[in-house]
Amino acid sequence: MSTEIIRVPDIGGATDVDVIEISVQVGDIIEVDQSIIVLETDKASMDVPSPLAGKVTAISVKEGDTVSEGSDILTLEVEGAAAAEEPAKEEPKAEAAPAPAPAAEKPAAPAASAEQTVSVPDIGGATGVDVIEVCVAEGDEVSEGDSIIVLETDKASMDIPSPVTGKVSKLLIKEGDTVSEGDDILVILAEGAAPAEPAAPVAEAQEAAPAQEAAPAPAAAPVAGGVEAVNVPDIGGATDVDVIEVSVAVGDKVEEGDSIIVLETDKASMDIPAPKSGTVKSLAIKEGDKVSEGTLILELEVEGSAPTAAPAPAKQEAPKEAAPAKQEAPKAAVPAVDSGAVLSAPNKKVHAGPAVRLLARELGVDLALVRATGPRGRITKEDLHAYVKAAVQKAASAPAASSAVVEGAGIPRVPEIDFSQFGEVEVVKMSKIQKITSFNMTRSWLNVPHVTQFDKADITDLEEFRKSLKPEMEKQGVKLTPLPFMIKAVAQALVKNPAFNVSLHADGESVVQKKYVHIGIAVDSPVGLVVPVLRDVDQKSVVQIATEAGELIKKALAKQLKPADMQGGCFTISSLGAMGGTGFTPIVNTPEVGILGVSKADIEPRWNGKEFEPRTMLPLCLSYDHRAVNGADAGRFMTYLNALLSDVRRLTL
């Protein structure tokens, strides 16, 4: 028997995906392709099958965890020759013996100093970032972690810290330059780690009492690193991100890399790891809070034989931060506010540090309207406080517009009702996909000016042609329903009427004209409404479309869709089919600008010029975004679509 570790396979590039179900237990005998866990993104759920058959000996994840491609799932005992691991394990032990020797050589290194070029670290893929401040000059002494430059993108400002302690020997950039990841910032004469003073007590302790090596441990405790603030790191520019889990409590000991909180955006969940090992002294956030990059998470008492110089700045910084807080309290008690805190016209140039910009984002303040009183025309936190107090006073002096409770867009809030007073009820929590669908539909309905146009297409000839091909297609394993014909017809209509194959640009002043035709198909899956996307439909035959659409629908029903399967759509088709109904008003699936609703076909009498004859009529409902599509465009689109569906020969043109 041999042991194999089963890992998460390719899941379309998604990261931090929620584990919503563990389908096996330790001791279970499983077969190849048997589902072992179920993952859920914000768009779909998917079963992860086992690539091997065998016995489950250990499970590495639990329900509620988040995983990415390559994460360990479980350990499986499979048939095969066992590998002799003992010799492999003994070799590291043999190499571990001489480890103390290099450690003993460390005292010889302190005297070394070397020039080191400091470059721009990973800044989230941003390029051409502005240098808004250079915090050091040639000849300055800097410590590890000290800010050396401040960068500003269109979304945030960030301090770049020094990776080492030393003396700045040469500056390679200046204020106003633009840099990218890897660009050189400065040359620093790095000082070697010189723990000469800690080394002496250790040597004395070893000479005085070789048998009591534990004695230096208590002495190291006072020298341990001080209390450090742990903030939210770079999270890709996302703001007001939900804290869905706090993984530690005050007093807990954490190791570097341990998860301390879990954040969730509308696209993914992410664990925030501890940057260092230590003990949690205080927590600044709780579950349900919203955070952004730079928000304080907790204070950590850092462990380790840290240099004695490290705790001193931390202890000195605390009073400096506390002092302004004490000074602000009296200011808040003063009712008078400097009317000059608010500029009458926006300032074209804004100079402010990252902390001030972060505070401004949290308060929703436009820095261009804040009067700067800091050195070199920089905006300080006190300037922000003065601006906010002026705005609050102005709002307080204005008469209340209405006593009604309203939402952000002025929409009255639905009152909360205790339904249990009318009878027995059960509160069922919505799945993640249901919640995301609810949010997206509400956003689309509130932001898109919908217009819905109704018509009926005569598909009598199409149905006769389809039914004549049905036996032949079934032999090829193809299920030929009316849907592939509709998808093909919509693709040709998008090519003919490109006004429907656009999306509104984020700047609100442009549209993005798409040169590809990808069609989304709304599917009622076990986990909720999902829309897999069929790509390059205009370049495929009806049979190809039927085959690929059938595969996508099967994946949706089996909860095996990946995020990539549901992205890039140009237009959506929502078919109620045999479920009935003569019409409905589908909601546009933004950022698309059109959606076609298809209801149940029925036989109706139609006048052919001489008499009424029975014809199969298909109700169509075309909803569109009136910001991008005009009524005339919609009329032409529907007329052309009807012509294609009424005469199947046109689909070959």
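Predicted model, so just to flag it, every value in this text is computed and none were measured.
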Notebook entry, point to check: Is there a donor-acceptor pair closer than 3.5 Å between any side-chain N or O of T279 and the backbone N or O of K253?
Noted result: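 Checking the backbone N and O of K253 against the side chain of T279, no donor-acceptor pair under 3.5 Å is found.
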Check: Donor-acceptor pair, S503 side chain versus V512 backbone, under 3.5 Å?
Finding: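 Such a contact is absent between S503 side chain and V512 backbone.
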Mind checking side-chain contact (heavy atoms from CB on, under 4.5 Å) for [X] and listing every partner two or more places apart, or none if nothing turns up?
X: S259; answer: S247, V262, D271
X: T239; answer: S292
X: E256; answer: S277
X: T178; answer: D130

Can you list the residues that meet the side-chain hydrogen bond (donor to acceptor under 3.5 Å, both in side chains) rule with [X], with sequence neighbours excluded?
X: T590; result: S444
X: D140; result: none
X: D507; result: H505, S510
X: T57; result: none

Atom [atom1] of [X] and atom [atom2] of [Y]: how far apart are they, to the nearest 0.5 Å?
X: I37; Y: I6; atom1: CD1; atom2: CD1; result: 11.0 Å
X: S282; Y: I297; atom1: OG; atom2: CD1; result: 12.0 Å
X: I285; Y: L263; atom1: CD1; atom2: CG; result: 7.0 Å
X: I149; Y: L186; atom1: CD1; atom2: CG; result: 8.0 Å
X: E133; Y: I148; atom1: CD; atom2: CD1; result: 12.5 Å
X: E21; Y: E63; atom1: CD; atom2: CD; result: 7.0 Å

Checklist line | Full working for side-chain contact (heavy atoms from CB on, under 4.5 Å) between I272 and V230 | finding: CA-CA 10 Å; I272 302 300; V230 178; 5.9 Å; no
Considering residues at least two apart in sequence or located in another chain, which fulfil the salt bridge (Lys or Arg N to Asp or Glu O under 4.0 Å) criterion with [X]?
X: K514; value: none
X: D177; value: K174
X: D72; value: R7
X: K290; value: D242

Check: Is K170 paired with E138 through a side-chain N to carboxylate O contact shorter than 4.0 Å?
Finding: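 Not counted as a salt bridge, because no side-chain N and carboxylate O are separated by less than 4.0 Å.
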Note to self: Looking at E301 and K281, is there a salt bridge between them, counting it only when a charged N and a carboxylate O are closer than 4.0 Å?
What the structure shows: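 Between E301 and K281 there is a salt bridge, with a charged N closer than 4.0 Å to a carboxylate O.
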Of all heavy-atom pairs between [X] and [Y], which one has the smallest distance, and what is that distance?
X: I379; Y: A372; value: CG1-CB, 3.7 Å
X: H385; Y: L359; value: CE1-CD2, 4.1 Å
X: V142; Y: V168; value: CG1-CG2, 4.1 Å
X: A274; Y: V254; value: CB-CG2, 4.2 Å

Note to self: Quick one, E181 with T127, criterion side-chain contact (heavy atoms from CB on, under 4.5 Å). Give me CA distance, side-chain angles, the key distance, then yes/no.
What the structure shows: CA-CA 7 Å; E181 180 180 337; T127 58; over 6 Å; no
Note to self: Can you confirm whether the side chains of T117 and D184 place a donor and an acceptor under 3.5 Å from each other?
What the structure shows: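 Distance-only check fails for T117 and D184.
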Next item on the list: Carefully, step by step, assess M46 and L561 under the rule side-chain contact (heavy atoms from CB on, under 4.5 Å).
Entry: CA-CA 6 Å; M46 64 191 86; L561 286 173; over 6 Å; no
Item checked: side-chain hydrogen bond (donor to acceptor under 3.5 Å, both in side chains) between T165 and E144, intermediate numbers included -> CA-CA 5 Å; T165 299; E144 182 179 350; 4.9 Å; no
